[in-house]
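One structure is given below, encoded as structure tokens.
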Amino acid sequence: MIDPKLFRTDPDKVKWAVQAKGVEVDVDAIVALEEARRDCLYQVEQRRARKKEISKQIGAAIGQARKEGRDLTPEQAQAGFQHEQDALDTEIADLEAQLAEAEAAFEQRLLYVPNLPADDTPPGLTEAENVEMLAWREPGRFLFEPKPHWELGVDLGIIDFEAAVRMSGSQFVLTKGLGALMERALIAFMLDLHTRHHGYLEINPPFMTLDKCLIGSGQLPKFEEDLYRLREGPYLIPTAEVPLTSLHLGEIIDADRLPLCYTAYTPCFRSEAGSAGKETRGMIRVHQFHKVELMKFCKPEDERAELMKLVDDAEAVLKALNLPFRRMRLCAGEMSFSAAEAYDLEVWMPGMGKYVEISSCSRFTDYQARRLNTRYREGQGDKPRFVSTMNGSGLACGRTFAAILENYQQEDGSVIIPEALRPHMGGASHILPG
RNA sequence: GGAGAGAUGACCGAGUGGUCGAAGGUGCGCGCCUGGAGAGCGCGUAUGGUCGCAAGGCCAUCGCGGGUUCGAAUCCCGCUCUCUCCGCCA
């Protein structure tokens, strides 16, 4: 969440942010709730202070009497205060109810307020306003008509949509043979790259998570319908971002440990509500896919630089696989709810004839850290401050798999295996039809 | 799933109704001492909220949520988690 104080100190900035992201939030109503909350709090605290004072006096009187050897029962000590205490009790009970209501309403609304975009975020609400930062490698020229990956994969016998749909329903996919091996190789390759060369620590987290973590990273309460929930229990993770971001829930981290860089492979489960019929061909949009995620905790002042390094780390995978891509800076409205600054990497898909998102890298300022209460301490005696969090795909494996098929296809329908993956595939160099 | 034990500050650990936000220790910071280091000595060391220009005041927090009481770390109820034993299991 954003700093609740902003509603008092700079409500216009919040209004600007909400509008920039194209979100419907009544900021004035939240400001009013916050004021009501504070007013109640003051009233309650004043009465509680008086109550405590009386109790202390009673305690002191009893103690004093005991010291002097007099006999003073608690009832006698309390006698003169009874009336005032009763009055206070009634008032406090009443005010506390009001306070709880105001607080709950305020906090509830706060969860629906998105993060503030960075000041230099390109304005806009749609994909068309995203800004291309760089393009790496021209899309390859083909002397034949390149096929989309769903045709290639099926023809090569390494993807089986029908079997997956039969056993699990629409928008599931299954790989087999060299296809399954290549997916596994991609995971291993990406993890090796990030751990050995980019300094990330590998994490193998649970694939189920509690709602507090989903609230922490910003998926809940707003995007409940996108998630799979186990019967009355935890949810299946929609991305490794959730467990990774929750790694230091409630902790205060020593500053000299920062930045903390983590990478994790996990499957991702998404209901993709509302996307039925949209781009459903192939393995681009499915309910379950593999992803290697990158995630960092750092100090606020390092956040921007760390994000750019993280984007580089994600791009390194595409470069190592020699896949043409471009880097897009997302406009305000295209960024996720919790993000302040975001870049998408889009890989060229010759068979589909377009760029497809394969990584999304965002930084979240203290938005997630505030919800998860993850802080750091600069030095002994310093106040803890919220850490900055960021993450990015490095990369989505299914889409990378599809991109390899499409970019490495040959006229005879075979696919060359990228050099970088061969050590992970027992040295295989081609996937041949038949 | 069954039985038992436990959860206190960065850490260890005291505290079973009354100035307890919490003894003592460790760690850490500052100072003294020293040629220097160590030892020793002194002082200081939670978080959040709220009011205040500030100094500081006030409120909350001893796993979480309720209750009893004028007053709860301490008593009662529910929950969560950890540990031990039993059962089951990849």
Side-chain angles (χ1 to χ4, degrees), chain A residues 1-9 30-107 110 204 206-213 215-216 230-234 243 246-258 260 267 366 369-387:
Chain A
M1 65 185 85
I2 62 170
D3 186 346
K5 287 200 185 85
L6 275 179
F7 290 98
R8 225 183 310 159
T9 57
I30 301 179
V31 171
L33 277 172
E34 205 279 332
E35 271 169 18
R37 180 190 71 93
R38 214 150 22 97
D39 186 52
C40 269
L41 186 63
Y42 175 73
Q43 300 290 334
V44 170
E45 287 191 349
Q46 242 187 358
R47 285 161 181 76
R48 280 209 280 242
R50 175 61 189 151
K51 237 191 122 176
K52 269 180 94 158
E53 196 186 323
I54 293 172
S55 281
K56 279 192 180 178
Q57 278 181 28
I58 293 172
I62 295 172
Q64 186 66 26
R66 201 173 293 152
K67 210 183 288 173
E68 295 170 3
R70 284 186 290 118
D71 215 27
L72 183 69
T73 64
E75 289 72 23
Q76 289 169 329
Q78 191 207 344
F81 297 109
Q82 188 69 61
H83 189 70
E84 185 180 0
Q85 284 175 326
D86 289 347
L88 285 170
D89 280 341
T90 319
E91 286 173 22
I92 289 173
D94 192 43
L95 285 163
E96 272 181 341
Q98 282 181 44
L99 179 64
E101 201 174 308
E103 245 164 16
F106 176 64
E107 275 161 25
L110 198 53
N204 191 190
F207 303 154
M208 300 178 204
T209 189
L210 298 174
D211 50 4
K212 66 178 169 185
C213 300
I215 290 171
L230 301 162
R231 188 187 295 273
E232 294 305 306
S246 306
L247 219 42
H248 298 292
L249 191 144
E251 279 184 40
I252 298 175
I253 302 165
D254 288 336
D256 55 17
R257 290 177 62 203
L258 298 173
L260 287 165
D366 60 1
R370 203 177 281 280
R371 289 186 175 200
L372 290 161
N373 198 24
T374 300
R375 292 170 295 171
Y376 76 99
R377 200 194 301 274
E378 192 61 57
Q380 202 70 31
D382 287 333
K383 286 223 156 220
R385 299 164 68 197
F386 288 111
V387 297

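Both backbone and side-chain heavy atoms feed into the values below; hydrogens, waters and symmetry mates do not. All chains are named by letter (A, B, ...) in the order of the sequence lines, taking the proteins before the strands, and each is independently numbered beginning at 1. From a predicted model like this one, the values you see are computed outputs, not experimental measurements.
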**Prompt:** G71(B), C51(B), C58(B): which one has an atom nearest the side-chain heavy atoms of Ser55(A)?
**Reply:** G71(B)
**Prompt:** Where the side chain of Lys56(A) is defined as all heavy atoms beyond and including C-beta, which of A60(B), G21(B), U50(B) is the nearest nucleotide?
**Reply:** G21(B)
**Complete:** The Watson-Crick or G-U wobble partner of A7(B), with both key distances under 3.5 Å, is U80(B)
**Complete:** In Watson-Crick or G-U wobble terms, with both distances under 3.5 Å, the base opposite C20(B) is none
**Request:** Give the nucleotide from the list G48(B), C58(B), C70(B) with an atom nearest to the side chain of Ala49(A).
**Result:** C58(B)
**Message:** I want to check one thing: is the phosphate of U50(B), taken as OP1 and OP2, less than 4.0 Å away from some side-chain N or O of Arg37(A)?
**Reply:** yes
**Asked** At under 4.0 Å, does any side-chain N or O of Lys51(A) touch on OP1 or OP2 of G71(B)?
**Response** yes
**Asked** From G48(B), C70(B), A60(B), pick the nucleotide closest to the side chain of Arg375(A)?
**Response** G48(B)
**Item:** Under 3.5 Å side-chain donor-acceptor pair for Arg47(A) and Gln43(A)
**Value:** yes
**Asked** Stepwise, does the salt bridge (charged side-chain N to carboxylate O under 4.0 Å, His left out) test hold for Arg48(A) with Glu45(A)?
**Response** CA-CA 5 Å; Arg48(A) 280 209 280 242; Glu45(A) 287 191 349; 5.1 Å; no
**Prompt:** A60(B) phosphate, OP1 or OP2: any side-chain N/O from Lys52(A) under 4.0 angstrom?
**Reply:** yes
**Request:** Would you please test Glu53(A) and Lys56(A) for salt bridge (charged side-chain N to carboxylate O under 4.0 Å, His left out) and show each step?
**Result:** CA-CA 5 Å; Glu53(A) 196 186 323; Lys56(A) 279 192 180 178; over 6 Å; no
**Request:** May I ask which nucleotide in the shown strands pairs with U45(B), Watson-Crick or G-U wobble, both distances under 3.5 Å?
**Result:** G27(B)
**Request:** Write down the distance separating the C1' atoms in G4(B) and G44(B), rounded off to the nearest Å.
**Result:** 43 Å
**Message:** Any strand counts, and the cut-off is 3.5 Å on both contacts for Watson-Crick or G-U wobble. Which nucleotide pairs with A90(B)?
**Reply:** none
**Asked** In the strands shown, is U68(B) matched to any nucleotide by a Watson-Crick or G-U wobble pair with both distances under 3.5 Å, and which?
**Response** none
**Request:** Send over the distance from Gln43(A) CD to C58(B) C1', rounded to a whole Å.
**Result:** 14 Å
**Fill in**
Testing U50(B), C59(B), U47(B) for proximity to the side chain of Arg377(A), the answer is U47(B)
**Message:** Counting only side-chain nitrogens and oxygens, does Arg38(A) get under 4.0 Å of the OP1 or OP2 atom of C51(B)?
**Reply:** yes
**Over 12 foreign heavy atoms within 6.0 Å of CD, Glu101(A)** = no
**Complete:** Applying the 3.5 Å cut-off to both distances, the Watson-Crick or G-U partner of G40(B) turns out to be C32(B)
**Request:** Would you indicate which nucleotide in U19(B), C70(B), A46(B) comes nearest to any side-chain atom of Gln85(A)?
**Result:** C70(B)
**Item:** Phosphate OP1/OP2 of C58(B): any Arg50(A) side-chain N/O under 4.0 Å
**Value:** no
**Prompt:** For the side chain of Ile58(A), counting heavy atoms from C-beta on, which of U19(B), U47(B), C70(B) is nearest?
**Reply:** C70(B)
**Prompt:** Does OP1 or OP2 of C51(B) have a side-chain N or O of Arg8(A) closer than 4.0 Å?
**Reply:** yes
**Prompt:** How far, in whole Å, is C11(B) from C86(B) if one measures between their C1' atoms?
**Reply:** 34 Å
